[in-house]
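Read through the structure below, which is laid out as C-alpha cells, and then see the notes.
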Protein chains: 2
Amino acid sequence: MTTRWLTPDEQRAWRAYVAASSLLEDALDRQLQQEAGLPHLYYSVLAALSDVPERRLRMTDLAEYLKITRSRLTYAVTRLEKDGVVRREDCQWDKRGSVAVLTEEGMALLERTAPGHVETVRKAVFDHLSPEQIGQFEEICSAIATAIQGGDPQATPTGSRPGSGSGSGSGSGADDLPWRRRACSSGQSGQ
Amino acid sequence: MTTRWLTPDEQRAWRAYVAASSLLEDALDRQLQQEAGLPHLYYSVLAALSDVPERRLRMTDLAEYLKITRSRLTYAVTRLEKDGVVRREDCQWDKRGSVAVLTEEGMALLERTAPGHVETVRKAVFDHLSPEQIGQFEEICSAIATAIQGGDPQATPTGSRPGSGSGSGSGSGADDLPWRRRACSSGQSGQ
DNA sequence: TGATGTTGGTTCAAGTTTTAAACAATAACT
DNA sequence: AGTTATTGTTTAAAACTTGAACCAACATCA
C-alpha cells in the first residue's frame, strides 16, 4: 500500500506542533529548573500528588497517572525524597507496596512555585488563545492522547472517548484518576 | 499581584496537552528508534536537512531551525556522522563554520523510514482530527510557538535578574537572531 | 498447605543525553 | 592594529533513561 503522505495542511500543522512542543517543554523546564530547582516531570510528580485525595499515591498508580515506567518513577521519587518534598511510606494493606506522599515541604514548594509556573503557561499558551481555541485545543489533545493509549481502538481504557471531554468532569477535578484500587490511606479520607 | 490561575477549561486543556505531548513524544521515539535506529530529535535533524535547498545547513542555522543549543546539535551531528547519514563540510566563506550535509545514505534512510514515521503520526494524530481541527491545531500551535519565541524577551515570570548564578543570559542576544541566511553552498546546483 | 505464578517496587549496570563552562579559531568593528 | 563577538567544539560533570534481574509479598489453586 502506498504511503498516505501528509497533506500540505497536515504538514504545516505537524511542523507547528513539533516546534511548539519542543519550545514549550524547554521553556517549562528552564523556568521550573530555575525557580523550583526541578525539571518539568518532577514538578508534575508533585502536582499529581497534590491533586489527589490524601496527597498520596502508590507508585504504580502514580506511574500510570504520569504515563511513565515504574523504574523511571522510582528514580524520580528517590530524588524528590532526597529533596525532602516527597516521602515514602509503606502500604499497610499490601506489604509489597510503597506509597509516595507529598510532604509539607513539598506542598510548600508547590505553593511557592505554582504561580510562576502558571504564569509561564499563561504567557506561552493561554494568553494567546481565544476561549474557543482553548476548547478546541483540549479536544484535539484529548483525541491524540486517546488514540495513542488505546492501542486497540476497541478497548478504550476507563472513560474518555474522543468526541467530548466526557471523562473529565468540569470543576478543577483530577482527570481520570487511575484510582485502580488501593489508596493505601493512612487514616481517613479528607479534603 | 494576584496569580491568574487557570480556569477549569484551561486546566483541562493543559492536562490534555501535557498528557498528549508526553505520550506522543514517547510513541515517536519508540517507533523511530525501532525502525530507523534514531530518536525523534535525530530524525528531525535529517528531516530538516532534507527540506532545505542543497540539503546542507550551517550548524548554527540548523540549531536555530531545530530550536536547540549548538552544543546539543554538535553532539547529535557527531553521532549522525558516525552513522554515516550526515557529513560535515567546511564553510567556504567563513572558515570558522562547518556545514552539516545530508549524505546519500542519510537521504536513503529518510526515504526508507519516512513512511513508517508518517504512518505513526497519522495513526496518532491526523486520523482522529477533522480537516477543521487540523486547521485549528495549526493555528494554536503556531500561536504558541510565536508566543514563546517572540515572547517578551524579559518576561521571566517571577523576577529574572536577581543574580541567581546560572544566568544563562536569557533574553540577551541569541534569541532574536535575524534571518541570516548562510547557506554556505558548495556552489553548484542551482537555486 | 504448599507449589506456582503474578505483581509491586527497587536495584543494577550500562548507556544516552544534557548542561555549562572553557576554548581556539576566525570574523567583524572601530 | 586591537578589541570584541561568533562559530563550533571540547570537556567534565551531572542528569536521566532503559531493561533486565531481582526479591518480597500477594494470589491462586489443587
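Proteins get letters first, then strands, A, B, ... in listed order; numbering begins at 1 in each. These numbers come from the heavy atoms of this one structure, side chains and all, not from hydrogens, waters or symmetry mates.
- Distance, A:D90 CG to C:dG8 C1': 12 Å, rounded to whole Å.
- Ion pairing between A:R96 and A:D90 fails under the 4.0 Å rule for side-chain N and carboxylate O.
- A sub-4.0 Å separation between OP1 or OP2 of C:dG8 and a side-chain N or O of A:S98 is absent.
- Here D:dT7 presents its P atom at 6 Å from CZ of B:R96, a figure rounded to the nearest Å.
- Of the candidates A:T78, A:L62, A:V77, A:V86 forms a side chain to side chain contact (heavy atoms under 4.5 Å, CB included) with just one, namely A:V77.
- With respect to B:R58 and B:D94, a salt bridge is recorded, a charged nitrogen being found less than 4.0 Å from a carboxylate O.
- Rounded to whole angstrom, the span from the CG atom of A:D29 across to the C1' atom of D:dA15 amounts to 12 Å.
- If you measure from atom CD1 of B:I68 to atom P of D:dT9, you get 12 Å, rounded to the nearest angstrom.
- Atom-to-atom, CG of B:L57 to P of D:dT7 comes out at 13 Å; the value is rounded to the nearest Å.
- What separates CH2 of A:W93 from C1' of D:dA27 is a distance of 18 Å, to the nearest Å.
- If you take NE2 of A:H40 and P of C:dT18, they are 17 Å apart, rounded to a whole angstrom.
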| Stepwise side chain to side chain donor-acceptor pair (under 3.5 Å) check, A:Q11 with A:R15 | CA-CA 6 Å; A:Q11 263 187 54; A:R15 279 177 211 221; 3.2 Å; yes
Please enumerate all protein N or O atoms sitting under 3.5 Å from an N or O of nucleotides 16-19 of chain D, with distances to 0.1 Å.
from: D:dC16; atom 1: OP2; to: A:R79; atom 2: NH1; distance (Å): 3.2
from: D:dT17; atom 1: OP1; to: A:R72; atom 2: NE; distance (Å): 3.1
from: D:dT17; atom 1: OP1; to: A:R72; atom 2: NH2; distance (Å): 2.7
from: D:dG19; atom 1: O6; to: A:S71; atom 2: OG; distance (Å): 3.1

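- Rounded to whole angstrom, the span from the CZ atom of A:R58 across to the P atom of D:dA25 amounts to 13 Å.
- The side chain of A:M59 lies closest to C:dT10, out of C:dT10, D:dT9, C:dA27.
- A search for salt bridge (Lys or Arg N to Asp or Glu O under 4.0 Å) contacts involving A:D127 returns A:R122, B:R4, not counting sequence neighbours.
- With respect to the salt-bridge test (charged N to carboxylate O, under 4.0 angstrom), the residues B:E81 and B:R79 do not qualify.
- Under a 4.0 Å N-O distance rule, the pair B:D9/B:R12 qualifies as a salt bridge.
- When each of D:dA5, C:dT11, D:dA25 is scored by its nearest atom to the side-chain atoms of A:T74, the top-ranked nucleotide is C:dT11.
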